[in-house]
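What follows is a single structure, written as structure tokens, with notes after it.
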Amino acid sequence: MAGTKTLTIIKPDAVRKENIGPILEKINGNGFHIAALKLIHLNRGQAERFYAVHRDKFFFEGLVNFMTSGQVVVAILEKENAVADYRRLMGTTDPAKAEEGTLRKLFAESMERNAVHGSDSDENAETECDFFFARSERFSNFEG
Ligand code: CMP
């Protein structure tokens, strides 16, 4: 059975443009419950660890610089089939190719400044939620 949670990050470009509210409204409007949320400023070590799977990619340095350039919102979103449904709501990584109505079509600037992150599998969703939130910080509709 597909999992019920995913981790999102509202990235520095979207925070800077005062798009936290509009993005959260879309998230709620599409049936996601917010189980945990905080506004933080990632340090270099955190960004490097969070994106460690991309360590060898040409865009890694730029990605870490960007993700530490300002505040981000991190949140745990809950819904049946959360990972796939949120990826559909985000749209493709490249906003130029994103479908109408998706978060990246509406709010992203470029491949790097793409407004939002979402977990890409249930397994990574678990790891990413644990990266930012203790169990005691979560208010789940699905867990006791
Ligand atoms: P995200 O979903 O946060 O996961 C990895 C991030 O790397 C991705 O969103 C993009 O912001 C970034 N990324 C992926 N591919 C490229 C690329 N070709 N150029 C710049 N950034 C990229």
Side-chain angles (χ1 to χ4, degrees), residues 1-135 137-140 142:
M1 197 190 90
T4 53
K5 65 172 169 293
T6 191
L7 187 281
T8 189
I9 304 178
I10 302 177
K11 299 189 182 186
D13 57 321
V15 174
R16 240 175 252 128
K17 288 194 281 188
E18 309 289 3
N19 280 330
I20 297 172
I23 290 173
L24 292 179
E25 197 174 338
K26 286 268 172 204
I27 286 171
N28 281 149
N30 280 271
F32 292 89
H33 166 73
I34 297 172
L37 178 145
K38 54 191 170 191
L39 178 67
I40 57 173
H41 195 146
L42 292 174
N43 64 38
R44 233 183 144 72
Q46 286 174 308
E48 286 174 356
R49 270 187 289 123
F50 185 80
Y51 281 118
V53 291
H54 298 300
R55 200 183 297 114
D56 299 328
K57 308 265 174 58
F58 72 91
F59 57 79
F60 182 70
E61 188 70 17
L63 178 61
V64 170
N65 288 341
F66 169 58
M67 291 301 290
T68 55
S69 70
Q71 291 170 308
V72 298
V73 170
V74 292
I76 299 177
L77 309 181
E78 286 191 331
K79 184 182 185 296
E80 299 286 352
N81 205 29
V83 167
D85 285 3
Y86 190 60
R87 292 185 75 76
R88 199 170 312 116
L89 178 60
M90 284 195 302
T92 54
T93 308
D94 182 356
K97 297 182 187 142
E99 303 73 16
E100 291 298 329
T102 60
L103 298 177
R104 283 169 172 159
K105 182 73 177 182
L106 289 166
F107 302 110
E109 293 172 27
S110 66
M111 194 86 149
E112 182 179 84
R113 294 166 187 256
N114 65 355
V116 283
H117 164 84
S119 310
D120 64 4
S121 67
D122 288 336
E123 194 187 347
N124 285 339
E126 290 288 345
T127 310
E128 293 181 359
C129 290
D130 289 342
F131 189 93
F132 289 113
F133 296 99
R135 299 282 154 164
E137 293 178 296
R138 306 176 189 186
F139 297 90
S140 175
F142 292 92

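In listed order, ligands and their atoms are each counted from 1. Values below: every heavy atom of this structure, side chains too, minus hydrogens, waters and symmetry copies.
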Inset, instruction - Classify the contact between Met67 and ligand 1 as side chain, backbone, both or neither, using a heavy-atom distance cut-off of under 4.0 Å. - result: neither
Inset, instruction - Kindly determine whether Phe60 and Tyr51 satisfy ring pair (Phe, Tyr, Trp, His ring centres under 6.0 Å), including the steps that lead there. - result: CA-CA 8 Å; Phe60 182 70; Tyr51 281 118; 7.8 Å; no
Inset, instruction - Please round to the nearest 0.5 Å and tell me the distance separating atom CG of Leu77 and atom CG of Leu89. - result: 9.0 Å
Inset, instruction - Please indicate whether any nitrogen or oxygen in Met111 is less than 3.5 Å from any nitrogen or oxygen in ligand 1. - result: yes
Inset, instruction - Please identify each residue that fulfils side chain to side chain donor-acceptor pair (under 3.5 Å) with Arg16, with sequence neighbours left out. - result: Ser69
Inset, instruction - For atom 1 (P) of ligand 1, state which one of His117, Lys57, Met90, His54 supplies the nearest heavy atom. - result: His117
Inset, instruction - Please work out whether any backbone atom (N, CA, C, O) or any side-chain heavy atom from C-beta onward of Arg113 is under 4.0 Å from ligand 1, and answer side chain, backbone, both or neither. - result: neither
Inset, instruction - Taking the side chain as every heavy atom from C-beta outward, state whether Asp130 and Arg135 have any atom pair closer than 4.5 Å. - result: yes
Legend entry - Protein heavy atom at shortest distance from atom 18 (N) of ligand 1: Phe58 CZ, 3.5 Å
Inset, instruction - Specify side chain, backbone, both or neither for Lys11, according to which of its non-hydrogen atoms lie closer than 4.0 Å to ligand 1. - result: side chain
Legend entry - Atoms in ligand 1 flagged as close to Tyr51, the criterion being non-hydrogen separation under 4.0 Å: 1 (P), 3 (O), 4 (O), 5 (C)
Legend entry - Shortest protein heavy-atom distance from atom 14 (C) of ligand 1, along with the residue and atom involved: Phe59 CZ, 3.5 Å
Inset, instruction - Take Glu128 and Arg49 through the salt bridge (charged side-chain N to carboxylate O under 4.0 Å, His left out) test and state the conclusion after the steps. - result: CA-CA 11 Å; Glu128 293 181 359; Arg49 270 187 289 123; over 6 Å; no
Inset, instruction - State which residue, out of Asp122, Thr127, Asp120, fulfils the side-chain hydrogen bond (donor to acceptor under 3.5 Å, both in side chains) condition with Asn124. - result: Asp120
Inset, instruction - Take every heavy atom of Phe66, measure it against each atom of ligand 1, and state whether any distance is under 4.0 Å. - result: no
Legend entry - Set of residues satisfying ring-ring contact (aromatic ring centres under 6.0 Å, His included) with respect to Phe133, sequence neighbours excluded: none
Inset, instruction - Tell me, please: is Arg104 in heavy-atom contact with ligand 1, that is, under 4.0 Å? - result: yes
